[in-house]
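The model shown is predicted, which means the values in this text are computed figures rather than measured ones. Basis for what follows: all heavy atoms, side chains included, without hydrogens, waters or symmetry-related copies.
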Number of protein chains: 2
Amino acid sequence: MLAANSRQSEHPPVDASDETRARLVEAAGEVFARRGYRSATIRDICIRAQANVAAIHYHFGDKEALYNHVLRDSLKTALKQYPPSAGLSDGANARERLRAFIRSLLFRTLDDGPAACHGQLMLREMAEPSPALDELVRQGIRPLYELLGSIVRDLYIEYSDGRPPAPRAVRRCAQSVIGQCIYHRLARPVLERLLPDLKYNKNEVAELAEHIAEFSIAGIAHCARIARRTRR
Amino acid sequence: MLAANSRQSEHPPVDASDETRARLVEAAGEVFARRGYRSATIRDICIRAQANVAAIHYHFGDKEALYNHVLRDSLKTALKQYPPSAGLSDGANARERLRAFIRSLLFRTLDDGPAACHGQLMLREMAEPSPALDELVRQGIRPLYELLGSIVRDLYIEYSDGRPPAPRAVRRCAQSVIGQCIYHRLARPVLERLLPDLKYNKNEVAELAEHIAEFSIAGIAHCARIARRTRR
DNA sequence: AACCGTTTCAAACAAGCGTTTTATCTCCGA
DNA sequence: TCGGAGATAAAACGCTTGTTTGAAACGGTT
C-alpha cells in the first residue's frame, strides 16, 4: 500500500503538457461523481479517458491518489467559475453581499454541466467522509464559512442596533442560510420524484437564490430583534 | 439474479418468531448506514448478527432485498419514535404545528442511537438513489412533504390577509424549512471539523429546532407580506 | 424412534476489482 | 544510427465479493 514505488522518484511526473493525465482527471471526476468512490472502477475511468488501466498507477500512484486530485481540482474549478463574491461592487452592503454569496453557492452546487461534478462530489464527501475531507474543509469550506459568518454578523448588528451578537446566534443563522442552499442539491432526487416538472435552469436558480436571500434576511432580522429584546 | 429460487415457495418465510431474521435486519441497518450499500459486505453483517453468510440468501433472497427491508424498517421505526405531530394538542395553530414538525424532523434525522440508522440511510439514498427510493418517497416522504405544505400554507395565509398563496411560493418556503433541518445531518462531518466542540444532545437539538422555527416563521411572514404587496 | 420440513453451516464458485509485471512504442539527443 | 528515458499497452495476479451448494442440525408430529 504505502510501499515506495520503485520505478519513479515521485508519482506525478512534474512534466507539463501531459494530455493523458488531464483526460484521466476529467473522466475520473465524472465517474466518481456518478458512481461514488467505491463503485467507480478504474477500468471505467480509463475507458472514458481512452487510456490503459496501468496509466492510473503510472500517473497518480493509485485510485485514492487520483480521487484526491479530482477533489482538489473540482473545487478549484468550481470556485473559479462561481466566485463567492461574484459581481459585487466594492462598497456593497451586507444585504447585497448575502445575495451574492447565496447566488454563487447555489450555482456552484447545482451546476451539472460536463466536468462540473463539484456539487455531487461534495455531497458524497459529506454523506461518507473520506480522508480527503479534512483538507477540503481547511482549504475550501472554512474560508467560505467565515465569509458568510462575517456577512451575517454585519446584518445581525444592523438589526440589533449595533449590539455585538452572540457567536452562537450568528452561527445558527449562517447554518440556516447554507442549509437552504445545499438542500436543493441534496434533495434533488427526491424533489424530482415529488415534482415531476422540476427544472433547475439559470432562471430558476436565480429566482431560488432571490427567495432564499429574502427568506434569510427576514429570519436574521427577526433573530437579531429577539436578541435585542431579551438582552436589554 | 431474478431466477426463481428453487428451494422455497417464497423468499421470506412468513413465519413469525424468527430470531435470526431480526438480528440480520438490525445488523444490516448499522452496516449499511456506516459503510453504504456497496461497501457493506454480507460477511460483515452476518458476523455482527452471529449468522452464516447463507442466512441472507435464505431469509431475504439477496443483498438488495435485505437492503430494501432495512430501509422500510428504519423508516417505520423512526416515524413511530418521532411522529411528525408529536405532543400537539388538537386545536394547535400553524405556528405550533410548524414547531412540532421541525422538532420531530430534527430529532428523527439526528438520532444516532443504536439501531437508529434512519438519518444516515436516508442521506445515502439522496446522495446516491437506489431503486428503493421511489417507494420511499411515495410512502414516507410525500406525506410529510404535504403535511409541511399545509402548515406553511396556513401560516402564509395568516400573514397575507387571507389571500390564497401561490403554490410555488409555499413550496419554496417549505423547502427552506426542510433544508435548514436536514442540513445538520448532511453537514455533520464538516461542522465537526469546523467547530470541534460541537454536540448534538437533546438540549442542543431542541434549541436548534426553536431557532429554525423562529427563523422560518419570520421568513414565511416576510414572503407572505411581499406577496400581499405585489399582488394587490 | 423414524420422519420431514425448516433452519443453519462450512466450503466452494465465479466474477469483478485494484494492482503489478513485462513488453512495446515514441521521441529526442549524442 | 543508436541508446535510453518517458509513456502506453496487454496480460496476469491476488484478493474480496455476492452467491450457491450439499450436508448437517434442529424441532415438532406420528
Q: Indicate for each nucleotide in nucleotides 11-17 of chain C, in 5' to 3' sequence, whether protein heavy atoms under 4.0 Å reach the base (B), only the sugar-phosphate (S), or nothing (-).
A: BB----B
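A search for side chain to side chain contact (heavy atoms under 4.5 Å, CB included) contacts involving B:Asn201 returns B:Lys199, B:Asn203, B:Glu204, not counting sequence neighbours. In terms of the side chain to side chain contact (heavy atoms under 4.5 Å, CB included) criterion, residue partners of B:Glu26 (sequence neighbours excluded) are, by chain and number, B:Glu30, B:Ala115. With sequence neighbours left out, the side chain to side chain donor-acceptor pair (under 3.5 Å) criterion links B:Arg171 to no other residue. Applying the side chain to side chain contact (heavy atoms under 4.5 Å, CB included) test to A:Thr77 and every residue at least two apart in sequence or in another chain returns A:Asp73. Legend: residues meeting side chain to side chain contact (heavy atoms under 4.5 Å, CB included) with A:Val170, ordered by chain and number and at least two apart, are A:Val152, A:Arg153, A:Pro165.
B:Glu19 places its CD atom 17 Å from the P atom of D:dC26, with the value rounded to the nearest Å. As rounded to whole Å, 13 Å separates atom P of C:dC9 from atom CD1 of B:Ile56. Between B:Tyr67 atom OH and D:dT17 atom P the separation is 18 Å, expressed in whole Å. Rounding to whole angstrom units, OH of residue A:Tyr58 and C1' of C:dC25 are separated by 13 Å. Nucleotide C:dT6 holds its P atom 15 Å from the CZ atom of B:Arg21, rounded to whole Å. One interatomic measurement links the two molecules: CG of A:Asp62 to P of D:dC15, which rounds to 18 Å at whole-angstrom precision. For the pair B:Arg23 CZ and C:dT8 C1', the interatomic distance rounds to 11 Å; values are reported in whole Å. Residue B:Phe60 contributes atom CZ, which lies 11 Å from atom P of C:dT8 at whole-angstrom precision.
A salt bridge links A:Arg99 with A:Glu214: the closest approach of a Lys/Arg side-chain nitrogen to an acidic carboxylate oxygen falls below 4.0 angstrom. Ionic pairing of A:Arg35 and B:Glu128 is not present here: no N-O contact between side-chain nitrogen and carboxylate oxygen is shorter than 4.0 angstrom.
Residue pairs meeting the salt bridge (Lys or Arg N to Asp or Glu O under 4.0 Å) criterion with at least one partner in residues 130-152 of chain B, sequence neighbours excluded, are A:Arg193-B:Asp134, B:Arg72-B:Glu135. Annotation: side chain to side chain donor-acceptor pair (under 3.5 Å) contacts involving residues 100-115 of chain B, sequence neighbours excluded, comprise B:Tyr82-B:Asp111, B:Ser104-B:Arg108, B:Asp112-B:Arg185, B:Asp112-B:Arg188.
Close to D:dT8, at under 4.0 Å from its OP1 or OP2, lies a side-chain N or O of A:His59. Contact between the side-chain N/O atoms of B:His57 and the OP1/OP2 oxygens of C:dT8 is not found at any separation under 4.0 Å. Contact check, A:Thr20 against D:dA7: no side-chain N or O comes under 4.0 Å of OP1 or OP2.
Note on the helix from C:dA1-D:dT30 to C:dA30-D:dT1: terminal axis deviation equals 20°, with five pairs used at each end and the result rounded to 10°.
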